[in-house]
Amino acid sequence: MSDFELLSPDGGALSSPFDSVRGGAGGASGARGADPLLDGLNPPQARAVEARGPALLIVAGAGSGKTRVLTHRIAHLIRNKEAWPSQILAITFTNKAASEMRERVAGLLGDAAEGMWISTFHSACVRILRREAERFGYVAGFTIYDSADSRALLKRIIKETEADSYGFTPANTSAKISRLKNELSDADTYAATANEADPRERIFVEIFRTYEQELRRANAFDFDDLIGQTVHLFRSHPDVAAIYQRRFRHILVDEYQDTNHAQYSLIRELTRSVDPDTADRLVPPVREREVDGTGAIPGASLTVVGDSDQSIYAFRGADIRNIVEFERDFPGAEVVKLEQNYRSTQNILSAANAVIGNNFDRQEKNLFTTEGDGEKITGFTGYSQHDEARFVAEEIEDLHRAGLAYGDIAVFYRTNSQTRALEELLIRSAIPYRVLGGTKFYERAEIKDAMAYLTSLANPYDPIAWSRLLGVPKRGIGPMAEAQLAVFQEAQGISFHEAMLRADEIGFGPKVRGAILGLGELLRAARMAAGGGGTEDPEVEKKPTPVADVLKLILDETEMIEKLRAKRDPQDEARAENLEELVSVAREFDVRNPGAGLLEFLTEVSLVAAADELDDQSGTVSLMTLHTAKGLEFPAVFITGVEEGLLPHQMSVDEIGGINEERRLMYVGITRARKRLYLTLASTRATYGDIGVAMPSRFLQEIPDSLIDWRQTPGEVTSRGGTESRALNAPRGEGRSGSRSSRSSGRPESSVVFGRGGGSGAAAVAEPASGNMQSALDKWRERKRLAKEAQAAGGGFPNLVGTSIRDNGDLELAPGDRIRHEDYGEGRVTGITGEGSKRVAHTVFDSVGERKLLVKLSPITKVE
DNA sequence: CTTATGAGTCTTTTT
DNA sequence: GACTCATAAG
């Protein structure tokens, strides 16, 4: 109940909490006239802060200051005493966005910001579900299944129902179930409309139904349930819904264009009014000022922020109609458009506008800035992805030398698999980087193993966690023993932990029984240590034990780390380190959340998003997918792999609206850049292990030629990679260093060239102006044909730079040595820094000048 | 019951 | 080319 203390303050107290808060932002000490919260906002922004009414849609183009508007709007509501912090619910897309918003609101309001709910959809729902779980057959300690857990469960179900012969796989089944859940469907609803005559349909219904039952038995929710079950809870328990409908008077939703039907429904439920009857039954009783004339509590005011041009999550159910039809959905809604961009240069915005303008089904909207043109966009086509990555690495070094911090640079790509080539070159070049998302820390096998123990402590009925921990470390408990235990557990209706402690009732061999009993004892001890319910002694459960201590106990007792270290595989050392890292993550959590327990830790871990890993202080280049990049910004941005089949992705080409969504993805990528934007591609790309030819993306042709300064156009790519490619990169003609800032009036020249296209004979492409996309394309097509022939002839490609892992660990280098590098040719070492495997050779190459090289991994040899 | 080997599948994008 | 999975041998 403590959450509600601030809910219905009496009139006198209303003003008191705010008196001490003054001038958090502006410092305009108490002046009545100019509102510091509106200071420096443009008219539409100010309107978005001040507008009141039942519903507000803020159409916020990229970089138009929407976070500022949102935070100021919240602060404005509170500062004007229109709302208490506890009456605010703000939903963001990632935890990082949530904490940023929380910090910024706190910066404006100070302590007065305490008590607001600022979180993601999923976190907010977990909070509600944990509180209300008992009302519908769950326990507060429920487990959250991530997609891997769901798939593990589905795998078992598919096997048991022998559905695999019908083409059901964990992946496709999970995708289908997820899609249905996002539509708020369930097995029964689906069964009602399913075609009974189709055996595949019948089987799917059976799988779906079993999956639902198993989740419930496991006391677990999957990701989609978190939203869907909350909606379900609200709809089936109006009295519970009323608690939240009453409490939240102002609901703000960010990235509204990416909400799916379930999330939309959740918002609808939360903003519903409470009818007089239900309001009457509420505890504590409603006050007069909370209700309208009829005794009903009016619905909360709703503010949504979004940009339909940035809708990129259709694949997981995001429905663009939510934002497009907002005005119809919420009558009386006001719409404010923010079009002035405060992030990027005009050149970058022009490119973005040009690309997105090709989406016919959108509302006209044009971003503009008063910042000036800035530098041109840089284009580069590598021969291979290796070549492309090399360019990225070199350019990053150049930017860094020019004074840009590594942390100001980001590299985007469409698919996670593109990281490999990039990473390789970044490592070699001794550039600090980090990959956001991808195979996340928490998805690593050893981390999941350790986490399974913790999950099982919190939820001893969770079969996925339990089954996982049985096998790690190896202790002789195999599938047979597991199955028998599971049967026993189900028959007795007890937890897995209890079942293990009663292993002697099942009749195992002495060795297996010993192992099971030992493990059961360990879990019991750990459960007691964690302060969980397994204790008879009521004295014991007081303050929760630090999560790190529980984890340490498990790791020590199971000797997981030692056992990894004892193995030969060098990968296992890294795994051991990951486990140690997990302990420090837990320790940090304990410090950050004193009084929180295992459950909070598990929840937090389950809901981390890729972008949450971003740390502004890290001083490293950030690598991420275009999806992860949404909502972020960087002074310098590389978008790599701008090729047909990759961006737009092959998979999207046949989907309806697929290309438009890919185009929005491109748009999102471009608009992340503040000052410098690079678009890179490769003319060949390895997929599935063998090398295919790649075409430049259609999106490149949608950008006016005058905006891109091509260092190497698709047509110029030579089939000879390696050292000589540099000659082609070298500045040509007037050189690019001098007249880079072509005035806004200076575009005719290149557009004339552009228009010439067509005829293959327009040959003289080798001329200085490298920015001719059309003829470049022709040339490129010719190359592609040749390349295909060459490959068909079995000759393969000449000079393909090997990607084999090398190790120069023992190579001794000293200043003055001459070395030969596969890509850069010969050069002289000027200095060595770093220790052991992190030794870096600073080298001046004859052809390309100064480079940093990681000695251990660079393709170098010493020249005598 | 664990481990080694080979075949088969796969790659969009994520909370 | 990498990873998972099934099969067979230790």
Side-chain angles (χ1 to χ4, degrees), chain A residues 91-98 119-126 144-148 150-152 155 159 164 169-172 174-175 178 181-182 221-228 255 258-260 262-263 311-318 412-421 436-440 442-443 445 470-471 473-482 509 511-512 515 567 569 603 605-612 624-630 641 645-655 658 661-662 664-666 668-669 685-691 803-805:
Chain A
I91 308 269
T92 59
F93 203 66
T94 62
N95 293 299
K96 179 176 191 292
S119 66
T120 63
F121 269 107
H122 290 86
S123 307
C125 286
V126 170
I144 301 164
Y145 276 7
D146 65 16
S147 1
S150 301
R151 261 179 275 133
K155 191 176 158 193
K159 202 166 185 178
D164 39 349
T169 65
N172 65 28
S174 140
S178 174
K181 285 190 174 184
N182 283 331
F221 291 108
D222 65 20
F223 273 139
D224 304 311
D225 282 337
L226 296 178
I227 317 286
E255 309 282 11
D258 281 322
T259 50
N260 60 34
Q263 292 164 330
S311 166
I312 53 173
Y313 280 106
F315 71 91
R316 69 171 196 211
F412 302 155
Y413 37 80
R414 177 67 233 266
T415 67
N416 283 305
S417 57
Q418 289 169 255
T419 51
R420 225 174 280 281
L436 304 194
T439 32
K440 282 180 252 154
Y442 293 107
E443 284 169 10
L470 275 187
K474 303 261 181 266
R475 43 169 83 79
I477 308 175
M480 276 297 286
E482 177 184 332
K511 212 169 163 187
V512 178
K567 292 214 216 160
D569 192 343
T603 304
V605 167
S606 305
L607 298 180
V608 287
D612 297 341
M624 69 192 86
T625 64
L626 285 159
H627 283 89
T628 301
K630 190 176 67 149
L646 201 51
L647 181 61
H649 195 278
Q650 194 56 49
M651 290 277 142
S652 70
V653 175
D654 318 312
E655 289 167 17
E661 174 132 333
E662 296 289 304
R664 290 193 291 269
L665 204 46
M666 180 77 181
V668 165
R685 189 165 293 271
T687 43
Y688 284 100
D690 50 19
I691 292 154
T803 49
S804 58
I805 305 155

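Proteins get letters first, then strands, A, B, ... in listed order; numbering begins at 1 in each.
- By the criterion of a centre-to-centre distance under 5.5 Å and near-parallel planes under 30°, the ring of A/Phe315 forms a stack with the base of B/dT13.
- In this model, the phosphate group of B/dT11 is not approached by any side-chain N or O of A/Asn416 to a distance below 4.0 Å at OP1 or OP2.
- Between A/Tyr413 atom OH and B/dT11 atom C1' there is a gap of 14 Å when expressed in whole angstrom units.
- In plain terms, the two heavy atoms of A/Thr120 and A/Phe93 that are nearest each other are CG2-O, 3.8 Å.
- Counting non-hydrogen atoms under 4.0 angstrom, A/Phe121 reaches nothing in the nucleic acid.
- Atom pair A/Leu607:CG and B/dT15:P shows a separation of 10 Å (rounding to whole Å applied).
- Mapped onto DNA chain B by nearest heavy atom, A/His649 and A/Phe223 fall at different nucleotides, with A/His649 at the one closer to the 5' end.
- Between A/Phe223 and A/His122, the angle of the ring planes goes over 60°, which puts this pair in the perpendicular group of the 30/60° scheme.
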Review item, nucleotides 2-10 of chain C N/O atoms under 3.5 Å of protein N/O:
residue: C/dC5; atom: OP1; partner: A/Lys155; partner atom: NZ; Å: 2.9

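- When rounded to the nearest whole Å, the span between CG of A/Asn95 and C1' of B/dT15 equals 9 Å.
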Side chain to side chain contact (heavy atoms under 4.5 Å, CB included) between A/Ile144 and A/Asp225, worked out
CA-CA 9 Å; A/Ile144 301 164; A/Asp225 282 337; over 6 Å; no

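- Nucleotides B/dT13 and C/dT4 have their P atoms positioned 16 Å apart, rounded to a whole Å.
- For the pair A/Gln263 CD and B/dT15 P, the interatomic distance rounds to 12 Å; values are reported in whole Å.
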- request: Would you check, one step at a time, whether the test ring-ring contact (aromatic ring centres under 6.0 Å, His included) holds for A/His627 with A/Phe315?
  value: CA-CA 12 Å; A/His627 283 89; A/Phe315 71 91; 5.6 Å; yes

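- With distances taken from any side-chain atom of A/Arg414 to the nucleotides B/dT12, B/dT14, B/dT15, the minimum falls on B/dT12.
- Remark: the backbone N or O of A/Leu607 is paired with a side-chain donor or acceptor of A/Asn95 at under 3.5 angstrom.
- Residue A/Thr628 places at least one side-chain N or O closer than 4.0 Å to OP1 or OP2 of B/dT14.
- A distance-only check finds a donor-acceptor pair linking the side chain of A/Tyr413 to the backbone of A/Met624 [under 3.5 Å].
- One atom, CZ of A/Arg685, and another, P of C/dG1, lie 16 Å apart when rounded to the nearest Å.
- Under the 3.5 Å distance criterion, the side-chain polar atoms of A/Arg151 are left unmatched by any main-chain donor or acceptor of A/Pro170.
- For A/Lys630 and B/dT13, the NZ to C1' distance is 12 Å, given to the nearest whole Å.
- Separating the CD atom of A/Glu443 from the P atom of B/dT14 is a distance of 10 Å, rounded to the nearest angstrom.
- Using a distance-only test at 3.5 Å, with no hydrogens or angles considered, a donor-acceptor pair links the side chain of A/Gln418 to the main chain of A/Arg414.
- Proximity of A/Thr625 to the phosphate of B/dT14: a side-chain N or O atom is located under 4.0 Å from OP1 or OP2.
- Across all strands, A/Gln418 comes closer than 4.0 Å to no nucleic acid atom at all (heavy-atom distances).
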Protein and nucleotides 1-7 of chain B: nitrogen or oxygen contacts under 3.5 angstrom:
residue: B/dC1; atom: OP1; partner: A/Gly478; partner atom: N; Å: 2.6
residue: B/dT2; atom: OP1; partner: A/Gly476; partner atom: N; Å: 2.8

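- Residues satisfying the salt bridge (charged side-chain N to carboxylate O under 4.0 Å, His left out) test with A/Asp224, not counting sequence neighbours, are none.
- With salt bridges taken as basic N to acidic carboxylate O contacts below 4.0 Å, none links A/Asp258 and A/Arg316.
- Regarding A/Phe412, its CZ atom lies at a distance of 13 Å from the P atom of B/dT14, rounded to whole Å.
- Where stacking is scored as ring centres under 5.5 Å apart with planes under 30°, A/His122 does not register as stacked on the base of B/dT15.
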